[in-house]
Participant: 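A single structure is presented below for examination.
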Amino acid sequence: MIRYLIKNNFKIMMRSGVNILLYIVCPVLVSAVLISAFSSLMENYKPDEDFMAKYGAIETNFAEQANDEQANFTDQVEDADQTNGMTNSFNIAAINIEHPYFVPAIDSTDYYGIIEVVYFGWCAIVCISGLLSSEKKNRINDKLYVSNLSVTQIYLARLIPLSITCALGVSIAAVIGMVFMGVHWGNLLLSAIVVILMIFAASAFEMMLYEITNSMLVTIIVSFAIVWIWGFFGGSFETYMFSPHSMTLKNIDPIYHGNRALVELSCMGHSDYVLSSVIYSVIMIVVCSLVAVLAGNVRRRKGA
């Protein structure tokens, strides 16, 4: 029964071509605009290969007195050493630093071609808005609640096709970016894992909001507001390399971990943020799903 429901919900969402088209066209268009607008800015983000550190001293009366005292002390030491048959030499050592470690620069094409795909993936609720609105209008929820299906099965029958549909849309957008704009995703396997888990996390989070509010309008407003805030601190609109925001705010932001993991995979081929992004997504999937099922059980009891 649940497999039939998953299949049926998936077909209904796929018939809503406008919603799917939004996840293909919007990331590509927004990425193209931002790439064009910030290309010169990102090109300037290049560390100097060579640098020189210089030190200066301001000569004051106090400095002159200290130098005189040091010179007298040095003369005394040299006299004592000559008496003992010893010789001291004072050398000034030069420190030469070559090839300091730095994170390689990433251009605007790769950055925004990746970041905007992720951002629209976090707006997954749009894919299922038509289905949920239709179910509520036709009182399908009441029929499902009196069926043999559990609240968990009903929730999974919505979450799974929602995540798959959204992932399909942003995947097409990512392929278009790679082919026509030259976006480089780096490690494709790890990047795919990060993106897919984030889409499932976004779907679980927004389905939780819907189960709590029981209103599609409220769910969209609240979820879009939260996602916008996460995107603001996570680098969706301003590159996180130039962002002046506190690292504390960034580290509690799930979008920041995903964005940084994907960007570093693109420019370096590896990232320490892959693990943290996966952990964030898994925690969100589990916690949000539990809350959504709990809210659904409460609503079923009230309906009974």
Side-chain angles (χ1 to χ4, degrees), residues 6 9-31 114-136 154-175 177 191-232 234 236 253-259 262 277-278 280-293 295-296:
I6 291 174
N9 289 341
F10 181 74
K11 287 182 178 180
I12 293 175
M13 281 187 279
M14 291 299 294
R15 289 171 186 167
S16 182
V18 176
N19 290 344
I20 306 301
L21 193 62
L22 288 175
Y23 283 88
I24 299 174
V25 176
C26 289
V28 175
L29 290 180
V30 174
S31 298
I114 293 171
I115 296 300
E116 296 311 316
V117 168
V118 172
Y119 182 76
F120 279 92
W122 275 89
C123 302
I125 192 65
V126 174
C127 282
I128 202 173
S129 59
L131 172 64
L132 295 178
S133 298
S134 177
E135 287 182 351
K136 190 172 184 179
I154 297 173
Y155 169 76
L156 292 176
R158 294 168 176 169
L159 176 68
I160 294 174
L162 168 60
S163 302
I164 294 175
T165 304
C166 181
L168 180 62
V170 298
S171 296
I172 296 174
V175 171
S191 296
I193 292 174
V194 171
V195 173
I196 291 174
L197 284 177
M198 291 178 75
I199 290 174
F200 268 88
S203 302
F205 171 71
E206 289 160 353
M207 284 300 303
M208 177 193 70
L209 293 178
Y210 178 77
E211 291 292 344
I212 293 174
T213 62
N214 196 30
S215 169
M216 179 51 60
L217 179 61
V218 175
T219 299
I220 290 179
I221 293 174
V222 173
S223 63
F224 278 25
I226 294 174
V227 170
W228 187 92
I229 294 173
W230 284 347
F232 178 76
S236 298
D253 187 341
I255 292 184
Y256 171 75
H257 287 263
N259 285 346
L262 294 170
S277 176
V278 170
Y280 261 82
S281 297
V282 171
I283 291 175
M284 287 190 66
I285 293 170
V286 173
V287 173
C288 293
S289 297
L290 291 175
V291 174
V293 171

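The first residue in the sequence is number 1, and the count goes up from there. None of these values were measured; they are calculated from a predicted model.
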Participant: If I take atom CE from residue Met208 and atom CD from residue Glu211, how far apart are they, to the nearest 0.5 angstrom?
Facilitator: 10.5 Å
Participant: Could you tell me which non-hydrogen atom of Leu159 sits nearest to which non-hydrogen atom of Ser289, and how far apart they are?
Facilitator: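 Closest approach of Leu159 to Ser289, heavy atoms only: CD2-OG, 4.3 Å.
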Participant: Applying ring pair (Phe, Tyr, Trp, His ring centres under 6.0 Å), can you list everything that pairs with Phe205, at least two apart in sequence or on another chain?
Facilitator: Trp230
Participant: Decide yes or no for Leu132 and Arg158: does some side-chain heavy atom of the first lie under 4.5 Å from some side-chain heavy atom of the second?
Facilitator: yes
Participant: Do you know which two heavy atoms are closest between Ser277 and Val194, and how far apart they sit?
Facilitator: OG-CG1, 3.5 Å
Participant: Which atom pair, heavy atoms only, marks the closest approach of Glu116 to Ser31?
Facilitator: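 Where Glu116 meets Ser31 most closely, the heavy atoms are CB-OG, 3.3 Å.
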Participant: What distance do Ile154 atom CD1 and Asn9 atom CG have between them, rounded to the nearest 0.5 Å?
Facilitator: 10.5 Å
Participant: Using the side-chain contact (heavy atoms from CB on, under 4.5 Å) rule, take Ile128 and Glu135 through it: C-alpha gap first, then chi angles, then the decisive distance, then the call.
Facilitator: CA-CA 11 Å; Ile128 202 173; Glu135 287 182 351; over 6 Å; no
Participant: Check whether any side-chain heavy atom of Asn259 sits under 4.5 Å from a side-chain heavy atom of Tyr119, and report yes or no.
Facilitator: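 Result no, sub-4.5 Å side-chain heavy-atom pair not found.
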Participant: With side-chain contact (heavy atoms from CB on, under 4.5 Å) as the criterion, how do Leu22 and Phe120 come out once you've worked through the C-alpha distance, each side chain's angles and the decisive distance to 0.1 Å?
Facilitator: CA-CA 9 Å; Leu22 288 175; Phe120 279 92; over 6 Å; no
Participant: Just verifying a value: how many Å separate Ile229 CD1 and Asp253 CG, rounded to the nearest 0.5 Å?
Facilitator: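 Atom-to-atom, Ile229:CD1 and Asp253:CG are 10.0 Å apart.
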Participant: Do the non-hydrogen side-chain atoms of Leu162 and Glu206 ever get within less than 4.5 Å of each other?
Facilitator: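 Of all side-chain heavy-atom pairs linking Glu206 with Leu162, none is under 4.5 Å.
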Participant: Which pair of non-hydrogen atoms, one from Ile220 and one from Ser129, has the smallest distance, and what is that distance?
Facilitator: CD1-CB, 4.5 Å
Participant: Looking at every heavy atom in both Leu209 and Ser223, which two are closest together, and how far apart are they?
Facilitator: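 So the minimum-distance heavy-atom pair works out to CD1-CB, 3.7 Å.
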Participant: Check whether any side-chain heavy atom of Val227 lies under 4.5 Å from a side-chain heavy atom of Ile255, and answer yes or no.
Facilitator: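 The answer is yes, as the side chains (C-beta and beyond) meet within the 4.5 Å cut-off.
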Participant: Step by step, would you call Phe232 with Trp228 a ring pair (Phe, Tyr, Trp, His ring centres under 6.0 Å)?
Facilitator: CA-CA 6 Å; Phe232 178 76; Trp228 187 92; 5.4 Å; yes
Participant: Spell out, as yes or no, whether a donor-acceptor pair under 3.5 Å connects the side chain of Ser163 to the backbone of Ile160.
Facilitator: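 Not at all, since once roles are kept as given, no pair shorter than 3.5 Å links the two residues.
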Participant: If you take all heavy atoms of Val291 and Ile212, which pair is closest and at what distance?
Facilitator: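 The pair with the smallest heavy-atom distance is CG1-CD1, 4.0 Å.
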Participant: Can you tell me how far apart CD1 (Ile199) and SG (Cys127) are? Round to the nearest 0.5 Å.
Facilitator: 9.0 Å
Participant: Starting at CD1 of Ile196, measure out to CD1 of Ile164 and round the result to the nearest 0.5 Å.
Facilitator: 10.0 Å
Participant: Contact between Asn214 and Lys136 at the side-chain level, heavy atoms closer than 4.5 Å - yes or no?
Facilitator: yes
Participant: Check whether any side-chain heavy atom of Met216 sits under 4.5 Å from a side-chain heavy atom of Ile125, and report yes or no.
Facilitator: yes
Participant: So, the side chain of Thr219 versus the backbone of Ser215: is there a donor-acceptor pair under 3.5 Å, distance only?
Facilitator: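 Side chain of Thr219 to backbone of Ser215, a donor-acceptor pair under 3.5 Å: yes, one is there.
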Participant: Please report the C-alpha distance between Thr213 and Val222 in whole Å, then the side-chain angles of each, then the deciding distance to 0.1 Å, and finally whether the side-chain contact (heavy atoms from CB on, under 4.5 Å) criterion is met.
Facilitator: CA-CA 10 Å; Thr213 62; Val222 173; 5.7 Å; no
